[in-house]
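Numbers restart at 1 for each chain; the letters A, B, ... are given by sequence-line order, proteins then strands. No experiment lies behind these values; they were computed from the predicted model shown.
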Amino acid sequence: MIVRILGEGQFRVDDEATAELNQLDAVLEAAVEHNDEAAFSSALTNLLAQVRAHGSPLPPDILEESELILPHEDSSMDEVRKLLTDEGLIPG
Amino acid sequence: MLMKGTAARMGVMKRVSLVFKAKANKALDKMEDPRETLDYSYQRQLELLTKVRRGVADVATSRKRVELQMNQLQQQANKLQDQARKALSMGREDLAREALTRKSSAQSQLDDLQTQYAQLQAEEEKLTVASQRLQAKVDAFRTRKETIKATYTAAEAQTRINEAFSGISEEMGDVGMAIQRAEDKTAQMQARAGAIDELMASGALDDVGGRRDDIQSELDIMSANSDVERELAMLKGELTTGAPKQLEGGAQNGASQGAQANQAPQQSPQEQGPYAPQYAPPQQNQQGQLNQQAPQNQAQQQAQPAGLPVSDLPGLQDEPQDGDRS
């Protein structure tokens with residue numbers, strides 16, 4: 001499975017890691033829903049760390065779509081919210 | 001995959017990727033001849049490459065501006081520090097206090113700029129990497145584009161075109177966001193740099209000169225500043241124990257410069273003052289305005305130690321306040 005971290009690049013991640021990623025992702029989503037900035041920040045950090053730990057960077061000349069896309073490391077909750085609801089954040 | 005009730009709970013990761021996909025599909029749908037898509041997309045990619053490279057250059061320009069300001073502020077802080085020492089040795093504690101107050105203000109601007117500088121550096125690095133990644137993907141796309149055009153009929157090509165297009169489109173979205181973020185950070189930085197330019201132009205960080213009223217009023221406002229009090233105490237202590245330090249510096253001069261020691265015997269001790277190690281003294285000499293007064297200052301400072309033999313100030317050494325230094 002290919003996962004992209006915005007601003008960082010794509011990773012090939014073992015499918016076995018999916019369950020764990022989904023779990024962390026659920027925490028992240030709940031934090032956004034509950035407007036909990038502190039929980040959001042740590043959930044995002046954890047999630048990205050897991051992707052990096054379980055994944056290997058995809059060579060940059062590979063043209064493949066990512067199955068999952070993760071926000072920037074230093075994203076604010078507001079930015080993520082816009083990313084989810086508004087295409088305006090992605091230029092072009 | 002994870003559905004609960006009516007709300008589709010698919011997680012942040014999936015939702016973001018869907019937003020990206022929707023964007024790519026929308027662009028694809030606009031194309032009538034799939035093979036035209038390839039050329040059109042390739043043009044867009046080249047444009048984006050140019051844009052991201054320009055972004056790198058813009059951030060670098062901004063970073064250099066901050067660097068220049070940091071050097072100016074550092075020079076100013078160093079000079080105010082020297083002036084405070086000089087003022088105190090002449091018994092002008094009020095002037096010394098004012099100089100330290102201004103130095104403290106310059107220093108806090110400097111600290112702030114250093115944080116900003118690091119952020120700009122990080123942004124520049126990210127954009128550089130992003131542009132390299134995009135370049136690799138654009139190259140891959142060009143190769144695949146030629147293959148598709150040569151090998152497949154328009155109908156057959158559709159699936160392959162979609163694949164190539166989706167792959168590059170996601171990267172382009174990512175890079176586009178990176179450029180936007182860098183632009184935002186640069187804009188913030190420029191606003192800040194502009195504010196500091198204004199502050200410097202206002203004279204708030206100027207060296208203490210003949211504007212007596214200005215000095216006095218600022219002195220009154222800032223007299224409660226504990227930083228200033230602490231530094232004053234340190235400088236006082238330095239004065240009482242000043243002789244050994246100068247010998248130390250003089251010895252280094254003698255060892256390293258030999259016969260030249262007579263020409264500028266006091267420069268080295270100045271630079272080795274208690275505040276110098278916090279920030280390396282800037283080595284630029286392009287600030288004509290700042291340097292104009294330097295020879296004068298040095299000449300005065302050279303004269304001071306001779307006019308202040310420690311033996312003439314026995315009271316200072318026995319002062320009970322000296323205990324406060326710790």
Q: With a sphere of 6.0 Å drawn around CZ of A:Arg52, does it hold more than 12 non-hydrogen atoms of other residues, nucleotides or ligands?
A: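 For A:Arg52, atom CZ is crowded (more than 12 foreign heavy atoms under 6.0 Å).
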Q: Inspect the contact between A:Asp74 and B:Arg181 and indicate whether a charged nitrogen and a carboxylate oxygen are less than 4.0 angstrom apart.
A: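 A salt bridge is present here (some side-chain N lies under 4.0 Å from a carboxylate O).
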Q: Heavy-atom count check: over 12 atoms from other residues, nucleotides or ligands less than 6.0 Å from B:Glu125 CD?
A: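 No.
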Q: Do B:Glu163 and A:Glu65 have side-chain heavy atoms sitting under 4.5 Å apart?
A: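 Side chain of B:Glu163 against side chain of A:Glu65, heavy atoms only: no contact under 4.5 Å found.
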Q: Could you grab the distance from atom CG of A:Asp25 to atom NZ of B:Lys14, nearest 0.5 Å is fine?
A: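 The CG atom of A:Asp25 sits 11.0 Å away from the NZ atom of B:Lys14.
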Q: Should we say atom CD of A:Glu37 is surrounded by more than 12 heavy atoms from elsewhere, each under 6.0 Å from it?
A: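 For A:Glu37, atom CD is crowded (more than 12 foreign heavy atoms under 6.0 Å).
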Q: Please say whether more than 12 non-hydrogen atoms of neighbouring residues, nucleotides or ligands are located less than 6.0 Å from CZ in A:Arg12.
A: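 Not buried by this count: 12 neighbours or fewer within 6.0 Å.
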Q: Would you indicate whether B:Tyr40, at its atom OH, is surrounded by more than 12 heavy atoms from other residues, nucleotides or ligands within a distance under 6.0 Å?
A: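 Open: at most 12 neighbouring heavy atoms sit under 6.0 Å from OH of B:Tyr40.
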Q: Compare all side-chain heavy atoms of A:Ile69 with those of B:Glu170 and state whether any distance is below 4.5 angstrom.
A: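 Yes, side chains in contact.
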Q: Any donor-acceptor pair under 3.5 Å linking the side chain of B:Arg133 with the backbone of A:Glu8?
A: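 Looks like yes, one N/O pair under 3.5 Å.
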Q: What option among B:Gln132, B:Lys126, B:Lys21 has the most heavy-atom pairs under 4.5 Å with chain A?
A: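 It is B:Lys21.
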Q: Taking side chain as everything from C-beta outward and backbone as N, CA, C, O, which of these in A:Leu58 sits under 4.5 Å from a heavy atom of chain B? Side chain, backbone, both or neither.
A: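 Contact with chain B involves no heavy atom of A:Leu58 at all.
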Q: Rounded to the nearest 0.5 Å, what separates atom CZ in A:Arg4 from atom CZ in B:Phe20?
A: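 Taking CZ in A:Arg4 and CZ in B:Phe20, the distance rounds to 7.0 Å.
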Q: Can you check whether B:Ala136's main-chain N or O pairs, donor with acceptor, with A:Asp61's side chain at less than 3.5 Å?
A: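 Checked: no pair found.
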Q: Rounded to the nearest 0.5 Å, how far does OG of B:Ser17 lie from CD1 of A:Ile2?
A: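 Reported value, rounded in 0.5 Å steps: 12.0 Å.
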Q: Quick one: does B:Lys137's side chain have a donor or acceptor within less than 3.5 Å of a partner on A:Ile62's backbone?
A: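 Present.
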Q: Is B:Glu171 in contact with chain A via its backbone, its side chain, both, or neither, using a 4.5 Å heavy-atom distance?
A: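 Both parts, backbone and side chain.
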Q: Would you give the length of the straight line joining atom CG of A:Leu47 to atom CE of B:Met13, rounded to the nearest 0.5 angstrom?
A: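 The distance works out to 5.5 Å.
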Q: Apply side-chain contact (heavy atoms from CB on, under 4.5 Å) to the pair A:Leu63 and B:Ile168, showing each step before the final yes or no.
A: CA-CA 6 Å; A:Leu63 275 183; B:Ile168 195 90; 4.0 Å; yes
Q: Side chain, backbone, both or neither: which part of B:Val12 has a heavy atom under 4.5 Å from chain A?
A: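 Contact with chain A: backbone and side chain both.
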Q: Which atoms of A:Leu70 come close to chain B, meaning under 4.5 Å heavy atom to heavy atom: side chain ones, backbone ones, both, or neither?
A: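 Just the side chain, heavy atoms under 4.5 Å.
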Q: Do you know the tightest heavy-atom contact between A:Leu84 and B:Val16?
A: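 Residues A:Leu84 and B:Val16, closest heavy atoms: CD2-CG2, 3.7 Å.
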Q: Check whether A:Pro71 gets within reach of chain B through its side chain, its backbone, both or neither, counting any heavy atom under 4.5 Å.
A: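 The side chain, not the backbone.
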